[in-house]
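Some notes on the structure that comes next.
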Protein chains: 2
Amino acid sequence: MTTDDLMARALESLGADGPLSVEAIHRLADVADVPEAMTIAEVADLLDISPHTLRYYERAGLIEVARDGNGHRVYDTHAVRRLVFLTRMRLSGMPMRDLQHYVSLVDDGERTVPERLDILLEHRDTVRRQLRELTLSLAAIEYKIATYGGRTGPDAELSVRRAR
Amino acid sequence: MTTDDLMARALESLGADGPLSVEAIHRLADVADVPEAMTIAEVADLLDISPHTLRYYERAGLIEVARDGNGHRVYDTHAVRRLVFLTRMRLSGMPMRDLQHYVSLVDDGERTVPERLDILLEHRDTVRRQLRELTLSLAAIEYKIATYGGRTGPDAELSVRRAR
DNA sequence: GTTTGCGTTCGAGCGCGCTCCAAGGCCTAG
DNA sequence: CTAGGCCTTGGAGCGCGCTCGAACGCAAAC
């Protein structure tokens, strides 16, 4: 699980907070092992998505991929990097539509940086909201677990009844 | 936004960690203002979902709701509490299918508590994974924001180019 | 030489979770 | 008395993000 490795590294760096973490994320963004050229299967494996999905992203205009002599896709470093970004955005819930808009801005050159920034800022807020929601849900789940079976104190028995 | 209020309270309590937070979550689970009887519009408003969705949940067998003389739904405290739980689970990504299974277990009585516990434990892990993923995504987004417009250091200019 | 395996394209299909429509009932305000 | 508003039901429709099927190509293995 390459993704898990990345996550582990990221969380490590987040643990040790401060100005150092920016550097750590930087390394993260530069993905560890990116061969010059990768097949669709390799990229799918790397990103933990299916080849179907990769083709779908291409059809959706999120990315252009070169072909070799046999007409097979060849993912270069640039393509893989973009896909890492795209899957990150998808994982955090950014809709395909927004992603399509975003990449169209990228294609329009540097002058669209402000608008891209807007999109990112908005998505950041969305992700933060999600994090708050999830944290709250987690608390609710753990509370319920405690009433059901966890040792939560002397009134555990009573809590089970309250939990319904 | 009642939901937001709840969130705010929950996050407050999470901030001040320790054995106290369990109590705080307890208060949270007991929802602040639950009138004896509520209309579908009131409940929808409370939970920030549409009346359509509430009817859908009922059709899906997630909950039974009584009717008044006019055939209109009357949500009692018990129903509202279950819906708070259900929406919490939905918000954290539990599939309808699992939720249907869960409530069928509840209907089967106390002897299904162990299986319910299993479901909750598994979902807790899922939520934790989501939290890790989201945290990583947030870091990636903030890194990109920094390269685009944030003051991230002396090499900001250079970073913009790298950010593509 | 044929089988196996991985790739290609285009288009259709699907699972999920709503979301809406149509036709109608009851209640209140004007 | 009628109009507006909110509710009811059953069933259909929809947007999203994949996911798959069919038919085919190329290339290495047997």
Side-chain angles (χ1 to χ4, degrees), chain A residues 3 35 37-76 79-80 82-83 85-103 123 126 130 133 137, chain B residues 3 35 37-76 79-80 82-83 85-103 123 126 130 133 137:
Chain A
T3 303
M38 297 179 76
T39 68
I40 194 168
E42 288 164 352
V43 176
D45 211 61
L46 176 72
L47 300 178
D48 205 28
I49 61 181
S50 77
H52 286 303
T53 302
L54 282 170
R55 295 190 197 101
Y56 166 68
Y57 285 175
E58 189 176 345
R59 269 197 282 185
L62 294 187
I63 192 167
E64 286 180 14
V65 185
R67 304 298 142 104
D68 66 12
N70 296 323
H72 290 195
R73 285 170 177 81
V74 180
Y75 292 86
D76 63 13
V80 172
R82 177 176 282 198
L83 281 168
F85 172 72
L86 292 173
T87 51
R88 227 349 104 203
M89 294 305 104
R90 286 292 306 120
L91 264 177
S92 53
M94 180 176 281
M96 290 294 290
R97 214 174 317 116
D98 294 6
L99 234 20
Q100 287 167 331
H101 182 206
Y102 186 91
V103 303
H123 187 54
T126 302
Q130 283 186 75
E133 286 285 0
S137 295
Chain B
T3 302
M38 297 179 76
T39 69
I40 194 168
E42 287 164 352
V43 176
D45 211 61
L46 175 72
L47 300 178
D48 205 28
I49 60 181
S50 76
H52 286 303
T53 302
L54 281 170
R55 294 189 198 102
Y56 167 68
Y57 285 175
E58 189 177 345
R59 271 198 279 185
L62 294 187
I63 193 168
E64 287 181 15
V65 184
R67 304 298 141 103
D68 67 10
N70 296 324
H72 290 195
R73 286 171 178 78
V74 181
Y75 292 86
D76 63 12
V80 173
R82 177 176 282 200
L83 282 169
F85 171 72
L86 292 173
T87 51
R88 231 343 108 204
M89 295 304 103
R90 287 291 308 121
L91 264 177
S92 53
M94 180 176 281
M96 289 294 288
R97 216 174 316 117
D98 294 6
L99 233 21
Q100 287 166 331
H101 182 206
Y102 186 92
V103 302
H123 187 54
T126 302
Q130 284 186 73
E133 287 284 0
S137 294

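Residue numbers start from 1 in every chain, and the chains themselves are labelled A, B, ... in the order their sequence lines are given, proteins ahead of strands.
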For D98(A) and dG15(D), what is the distance between atoms CG and P respectively, to the nearest whole Å? 16 Å
Can you tell me how far P of dC7(D) sits from CG of D45(B), to the nearest Å? 11 Å
How would you label the contact of P51(A) with the nucleic acid (heavy atoms, under 4.0 Å): base, sugar-phosphate, or nothing? nothing
Closest listed nucleotide, where the reference is the side chain of R55(A) and the choices are dG17(D), dT8(C), dC7(D): dT8(C)
Does A60(B) offer a backbone N or O that forms a donor-acceptor pair with the side chain of Q100(B) under 3.5 Å? yes
How many whole angstroms separate atom CD of E58(B) from atom P of dT19(C)? 17 Å
Taking atom C1' of dG17(C) as reference, at what distance in whole Å does atom CE of M94(B) sit? 16 Å
Among residues 61-73 of chain A, which ones have heavy-atom contacts with DNA chain C below 4.0 Å? R67(A), G71(A), H72(A), R73(A)
Could you give the CE-to-P distance, from M38(B) to dC6(D), as a whole number of Å? 16 Å
Spacing of E42(A) atom CD relative to dG7(C) atom P, expressed in whole Å: 9 Å
Whether each nucleotide of nucleotides 18-23 of chain D has a protein heavy atom under 4.0 Å at its base (B), only at its sugar-phosphate (S) or at neither (-) is summarised, 5' to 3', as BBB---
Give A60(B) one of three labels, base, sugar-phosphate or nothing, depending on what nucleic acid heavy atoms sit under 4.0 Å from its own. nothing
Assess whether atom CD of E64(B) is packed by more than 12 heavy atoms of other residues, nucleotides or ligands within 6.0 Å. no
How far apart are the C-alpha atoms of M38(A) and R73(A), what are their side-chain angles, what is the distance that settles it, and do they pass the side chain to side chain contact (heavy atoms under 4.5 Å, CB included) test? CA-CA 8 Å; M38(A) 297 179 76; R73(A) 285 170 177 81; over 6 Å; no
Exercise: do H72(B) and T39(B) side chains pair donor with acceptor under 3.5 Å: no
